[in-house]
Amino acid sequence: MTTENHPVDHELVEAAAGVARSRCRGDNHTMAAAARARDGRIVTAVNAYHFTGGPCAELVVIGAAAAQGAHELETIVAVGDRERGVVPPCGRCRQVLLDYFPALRVIVGAGDRLRAVPVAELLPETYVWADHQLDAG
């Protein structure tokens, strides 16, 4: 599978970094995410860490976007607190992002090596949940 690169949305990266710097405090909120909706809006969120598996910032941003009426996300990025920079999504987030937004681009990499790649490229031998559902009828 050849990785297809798209232009990096630096405004989105800075939005997530700004939230990480200003809103992430202590051990409960250590990651920020920003997503660009199809209409151009940027939606941000932070993770809600909990030892039972609290949601990652990418999952929280999906809910925040829906609450704001932004149901079509085009690009997403996560940034760690304490100036850790862009952090790639975990496996669970990769799967959820793929299932919700199959055409989503995810910003990954570090420093001047940032790149935006299709979410499916982050999951080799991708499992698409919708492809394995039986039609009712």
Side-chain angles (χ1 to χ4, degrees):
M1 186 180 290
T2 303
T3 299
E4 178 184 346
N5 289 320
H6 298 273
V8 172
D9 186 337
H10 291 283
E11 182 183 16
L12 199 60
V13 175
E14 185 48 45
V19 170
R21 280 190 298 273
S22 65
R23 302 290 182 234
C24 289
R25 299 282 186 262
D27 294 336
N28 291 331
H29 308 292
T30 59
M31 294 290 298
R36 185 168 305 273
R38 180 171 287 162
D39 64 9
R41 282 184 286 168
I42 293 177
V43 179
T44 61
V46 298
N47 69 317
Y49 175 80
H50 191 265
F51 73 93
T52 62
C56 297
E58 296 95 331
L59 301 185
V60 177
V61 87
I62 291 171
Q68 296 175 37
H71 299 284
E72 298 294 328
L73 301 182
E74 293 185 336
T75 308
I76 194 167
V77 64
V79 173
D81 66 347
R82 293 169 284 172
E83 304 299 327
R84 289 184 289 144
V86 171
V87 177
C90 72
R92 177 179 66 167
C93 287
R94 291 174 192 214
Q95 186 66 55
V96 172
L97 292 169
L98 175 71
D99 289 337
Y100 270 71
F101 311 106
L104 184 73
R105 291 181 303 274
V106 181
I107 298 173
V108 296
D112 61 354
R113 296 186 328 266
L114 289 180
R115 62 196 186 285
V117 298
V119 65
E121 302 268 332
L122 298 177
L123 286 167
E125 301 297 326
T126 301
Y127 173 86
V128 178
W129 183 83
D131 291 347
H132 298 279
Q133 302 311 299
L134 299 175
D135 290 336

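Put simply, NE2 on His71 and OH on Tyr100 are 11.0 Å apart, with the number rounded to the nearest 0.5 Å. Atom CZ of residue Arg82 and atom OG1 of residue Thr30 lie 7.0 Å apart, to the nearest 0.5 angstrom. Going from atom CG of Asn47 over to atom CG of Asn28 covers 8.5 Å, rounded to the nearest 0.5 Å. Taken from CG in Leu122 to SG in Cys90, the straight-line distance is 11.5 Å, to the nearest 0.5 Å. A distance of 8.5 Å separates CG of Asp39 from CD of Glu74, quoted to the nearest 0.5 Å.
Side-chain heavy atoms closer than 4.5 Å link hydrophobic residues (I, L, V, M, F, W, Y) into clusters, and following such links, even through other members, never connects Met31 to Ile62. Both Val108 and Leu123 sit in one connected hydrophobic cluster of ILVMFWY residues. Membership requires side-chain heavy atoms under 4.5 Å apart, directly or through other members. Under the 4.5 Å side-chain heavy-atom criterion for Ile, Leu, Val, Met, Phe, Trp and Tyr, Val46 and Val43 are members of distinct hydrophobic clusters.
For Arg21, the CZ atom is densely surrounded, since the number of other residues' heavy atoms within 6.0 Å is greater than 12. For Asp27, the CG atom counts as loosely surrounded, since its 6.0 Å shell holds 12 or fewer non-hydrogen atoms of other residues, nucleotides or ligands.
The backbone N or O of Pro89 sits less than 3.5 Å from a side-chain atom of Arg94, completing a donor-acceptor pair. With Arg25 contributing its side chain and Ser22 its backbone, the two residues share a donor-acceptor pair below 3.5 Å. A donor-acceptor contact shorter than 3.5 Å is absent between the side chain of Arg36 and the backbone of Asp9.
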Any chance you could lay out the salt bridge (Lys or Arg N to Asp or Glu O under 4.0 Å) test for Arg92 and Glu58, step after step, and finish with the verdict?
CA-CA 10 Å; Arg92 177 179 66 167; Glu58 296 95 331; over 6 Å; no
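Counting heavy atoms from C-beta on, the side chains of Cys93 and Leu59 come closer than 4.5 Å.
A pairwise comparison of heavy atoms in Ala45 and Val60 identifies CB-CG1, 3.5 Å as the closest pair. Smallest separation of non-hydrogen atoms from Val119 and Pro102: CG1-O, 3.9 Å. Among all heavy-atom pairs drawn from Arg41 and Gln68, the shortest one is NH1-O, 2.8 Å. Residues Ala20 and Gly80 share a closest heavy-atom pair of CB-O, 3.8 Å.
When hydrophobic residues (I, L, V, M, F, W, Y) are linked wherever their side-chain heavy atoms come within less than 4.5 Å, the members clustered with Ile107 are Val8, Leu12, Val13, Ile42, Val77, Val79, Val86, Leu114.
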